Amino acid sequence: MKKNSDVKVLFMGTPEFCVPILESLIASYDVVGVVTQPDKEIGRHKELKASPVKECAIKNGILVLQPAKIRKDYQEVLNRKPDIIITCAYGQIIPKEILDYPKYGCINVHASLLPKYRGGAPMQRAIMNGEKETGITIMYMDEHMDTGNIIKMAKVPILDSDNLEKVHDKLSALGEKLLMETLPSILDGTNDSIAQDDSKATFAPVISREDEKIDFNKKAKEIYDHIRALSPFPGAYATLDGKIVKIYNAYVKEEFYTEKENGEIGKIYKDGLGVSCKDYEIVITDVKFEGKKRCLMKDYFNGNDGNKFLGKIFNKD
RNA sequence: CGCGGGAUAGAGCAGUCCGGUAGCUCGUCAGGCUCAUAACCUGAAGGUCAUAGGUUCAAAUCCUAUUCCCGCAA
């Protein structure tokens with residue numbers, strides 16, 4: 001692709017998801033700055049951790065801005081004199097002062113088929129709800145969250161076997177591709193954009209700690225969707241004997257035990273723990289016990305007696 | 001120095017309290033049985049017991065320090 005160094009692009013984003021976009025922008029345009037969330041204290045020792053986008057920008061020698069509140073600290077962004085601003089999973093609402101500045105506007109790459117799943121966790125919420133497809137929306141930004149006019153959309157299927165990681169990788173690649181294909185038409189003004197139908201809007205709030213907990217009173221398929229929507233990060237969890245067990249994979253088995261309580265481990269399979277829920281049984285196959293590494297139940301049974309789990313009940317303490 | 005758990009063969013674990021030949025289950029490889037197999041039988045390979053010191057005739061095990069991993073909290 002030809003380098004279009006006449007166009008000054010400013011990029012705003014934070015997680016791994018949008019790094020491919022930044023890399024492609026750097027390859028084809030004049031990226032005059034990158035805005036990302038401030039370094040966060042993360043992990044056990046409260047070490048400052050830079051966002052993936054920041055690391056990518058530094059590697060490419062691009063100026064990085066990390067305002068704590070861009071609503072107030074927007075002047076530096078304007079000082080870069082961008083012709084267009086591209087955002088993707090940045091994590092803060094962009095103030096009007098910035099939105100009005102670039103002559104080609106502010107473009108957002110969002111990981112859902114808008115107006116569905118507006119908000120911070122569109123991929124997770126889509127999988128969690130058992131959606132069969134999702135996609136990428138390229139849109140103009142306005143002052144509200146994910147409400148601006150739509151420029152372009154592309155769909156991808158969500159397979160029954162997909163987890164968050166798979167969907168994330170698909171959409172990350174698709175977002176990069178779709179943006180790079182669409183950007184020329186945005187710059188020369190040959191694209192159309194259409195308003196969203198707000199009556200069809202749904203919301204995808206960020207995942208809270210409580211959202212990560214598994215409710216065994218739900219149907220097996222719902223629990224399966226919940227587990228894969230959070231796998232491998234942050235991981236759905238349940239408690240057993242007062243300790244946290246993270247669950248990364250499972251499958252539905254169409255067995256029904258009337259005498260079992262919801263959440264009770266009623267059967268030990270070769271590859272997992274059979275747990276009763278509202279309708280069928282869900283077999284948990286891939287876990288991480290507190291203090292241990294993630295491992296398949298199949299492997300866990302090599303060194304531990306699976307029968308010790310029989311009759312135990314999840315979330316009972 | 002926020003709190004707690006952990007590190008032993010490719011994987012999952014036992015052995016550590018009470019120091020004395022490195023074990024189990026699975027996987028891998030070779031052979032056998034079988035119409036056949038993810039089943040069964042026989043055999044083999046595979047370990048500086050996280051790292052560095054210390055105590056001891058002798059350390060996976062006891063003492064000290066360090067590194068890395070995991071859960072919580074932020």
Side-chain angles (χ1 to χ4, degrees), chain A residues 14-17 36-55 66-71 89-93 119-121 124 128 161 163-166 168 205-216 223-224 226-255 263-275 281-317:
Chain A
T14 300
E16 191 64 43
F17 182 82
T36 191
Q37 293 277 43
D39 294 1
K40 261 201 238 169
E41 288 182 349
I42 202 85
R44 274 168 282 279
H45 304 290
K46 295 193 174 181
E47 284 163 4
L48 283 180
K49 175 96 176 154
S51 73
V53 162
K54 179 179 178 178
E55 290 186 2
Q66 298 179 278
K69 287 186 181 174
I70 197 156
R71 188 176 285 279
Y90 167 53
Q92 292 191 43
I93 297 282
Q124 292 89 331
M128 217 177 263
S161 58
N163 63 8
L164 175 61
E165 184 174 43
K166 293 247 179 67
H168 171 282
V206 294
I207 304 293
S208 70
R209 182 67 183 160
E210 196 53 32
D211 290 328
E212 294 166 18
K213 189 162 184 172
I214 294 170
D215 179 1
F216 286 99
I223 293 171
Y224 172 65
H226 182 263
I227 288 169
R228 66 199 181 103
L230 301 175
S231 177
F233 184 84
Y237 76 95
T239 60
L240 192 63
D241 293 336
K243 292 189 174 169
I244 287 187
V245 182
K246 293 222 178 194
I247 298 168
Y248 297 97
N249 206 355
Y251 61 87
V252 174
K253 196 163 177 71
E254 299 196 355
E255 303 271 355
E264 180 172 348
I265 298 169
K267 190 160 181 185
I268 309 298
Y269 295 94
K270 198 173 178 181
D271 59 349
L273 303 173
V275 183
E281 181 179 51
I282 186 151
V283 182
I284 292 167
T285 58
D286 187 353
V287 302
K288 181 155 60 189
F289 294 101
E290 254 185 71
K292 307 302 279 185
K293 286 184 179 160
R294 174 178 171 182
C295 82
L296 299 174
M297 287 308 297
K298 170 172 72 78
D299 293 327
Y300 185 85
F301 291 146
N302 277 330
N304 298 274
D305 181 11
N307 289 320
K308 73 183 180 184
F309 289 108
L310 266 181
K312 292 199 177 192
I313 302 171
F314 278 108
N315 298 333
K316 201 62 183 172
D317 26 66

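Everything quoted here is computed from the prediction, not taken from an experiment. Here is how names work: the chains are called A, B, and so on, in the same order as the sequence lines, proteins then strands, and each is numbered from 1.
For the C1' atoms, the distance linking B:U67 with B:A74 amounts to 24 Å, nearest Å. Look at the P atom in both B:C17 and B:A60: the space between them is 12 Å, to the nearest Å. Here the separation of B:G32 from B:A38, taken at their P atoms, is 15 Å to the nearest Å. For the C1' atoms, the distance from B:G27 to B:G20 is 32 Å, rounded to whole Å. The same atom, C1', is picked in B:A44 and in B:A7; the two are 28 Å apart, to the nearest Å. Going from the P atom of B:U64 to that of B:C18 covers 15 Å, rounded to whole Å. B:U56 and B:G19 have their C1' atoms separated by 9 Å, given to the nearest Å. Distance noted for atom C1' between B:G12 and B:U28: 16 Å (whole Å).
In terms of position on RNA chain B, the residue among A:Cys295 and A:Lys46 whose nearest nucleotide sits closer to the 5' end is A:Cys295. Projected onto RNA chain B by closest heavy-atom contact, A:Asp299 and A:Arg209 fall at different nucleotides, the more 5' of which corresponds to A:Asp299.
Few gaps surround NZ on A:Lys213; more than 12 heavy atoms of other groups in view lie less than 6.0 Å from it.
Rounding to whole angstrom units, CE of residue A:Met297 and P of B:C13 are separated by 10 Å. Nucleotide B:G71 holds its P atom 11 Å from the CD atom of A:Glu212, rounded to whole Å. Summarising the geometry, the separation between OH on A:Tyr300 and C1' on B:G27 is reported as 19 Å, rounded to the nearest angstrom. Computed from coordinates, the A:Asn307 CG to B:C13 P distance equals 17 Å when rounded to whole Å. Protein atom CZ of A:Phe233 is 13 Å distant from nucleotide atom C1' of B:C70, rounded to whole Å. Regarding A:Lys270, its NZ atom lies at a distance of 10 Å from the C1' atom of B:C26, rounded to whole Å. For the pair A:Phe289 CZ and B:C13 P, the interatomic distance rounds to 9 Å; values are reported in whole Å. Atoms NZ (A:Lys243) and C1' (B:G5) sit 7 Å apart, rounded to a whole Å.
Annotation: salt bridge (charged side-chain N to carboxylate O under 4.0 Å, His left out) contacts involving residues 282-298 of chain A, sequence neighbours excluded, comprise A:Asp286-A:Arg294.
Considering only side-chain atoms of A:Lys288, the nucleotide from B:A38, B:G71, B:C13 that sits closest is B:G71. For A:Ile244, taking side-chain heavy atoms from C-beta onward, the closest of the listed nucleotides B:C69, B:A38, B:C72 is B:C72. Among the nucleotides B:G12, B:A74, B:C72, the one closest to any side-chain atom of A:Ile42 is B:A74.
Backbone-only contact: A:Lys246 has heavy atoms under 4.0 Å from sugar-phosphate atoms and none from a base. Contacts of A:Gly235 with the nucleic acid, taken as non-hydrogen atoms under 4.0 Å apart, are absent.
Of the side-chain N and O atoms in A:Arg44, one or more sit less than 4.0 angstrom from OP1 or OP2 of B:C70. Distances shorter than 4.0 Å separate none of the side-chain N or O atoms of A:Lys292 from OP1 or OP2 on B:G5. Dashed line: the shortest gap from a side-chain N or O of A:Lys49 to OP1 or OP2 of B:A74 is not under 4.0 Å.
In terms of heavy atoms, A:Pro52 sits closest to A:Thr14 at CD-O, 3.3 Å. Closest approach of A:Tyr248 and A:Pro232 over heavy atoms only: CE2-O, 3.3 Å. Residue A:Leu230 comes nearest to A:Asp211 through the heavy atom pair CD1-O, 4.0 Å, listed as atom of the first residue, atom of the second, then distance. For the pair A:Glu212 and A:Pro234, the tightest heavy-atom approach, listed with the atom from each and the gap, is OE2-CG, 3.4 Å.
With a cut-off of 3.5 Å on both pairing distances, the Watson-Crick or G-U wobble partner of B:C72 is B:G2. Look at B:U21: it lacks any Watson-Crick or wobble partner with both distances under 3.5 angstrom. If you check B:C29 for Watson-Crick or wobble pairing at under 3.5 angstrom, you find it paired to B:G43. Using Watson-Crick or G-U wobble geometry with both donor-acceptor distances under 3.5 Å, B:A9 finds no partner in any strand shown. Here B:G53 sits opposite B:C63 as a Watson-Crick or G-U wobble pair (both hydrogen-bonding atom distances under 3.5 Å).
Side-chain contact between A:Ile313 and A:Phe216 is absent, with no heavy-atom pair separated by less than 4.5 Å.
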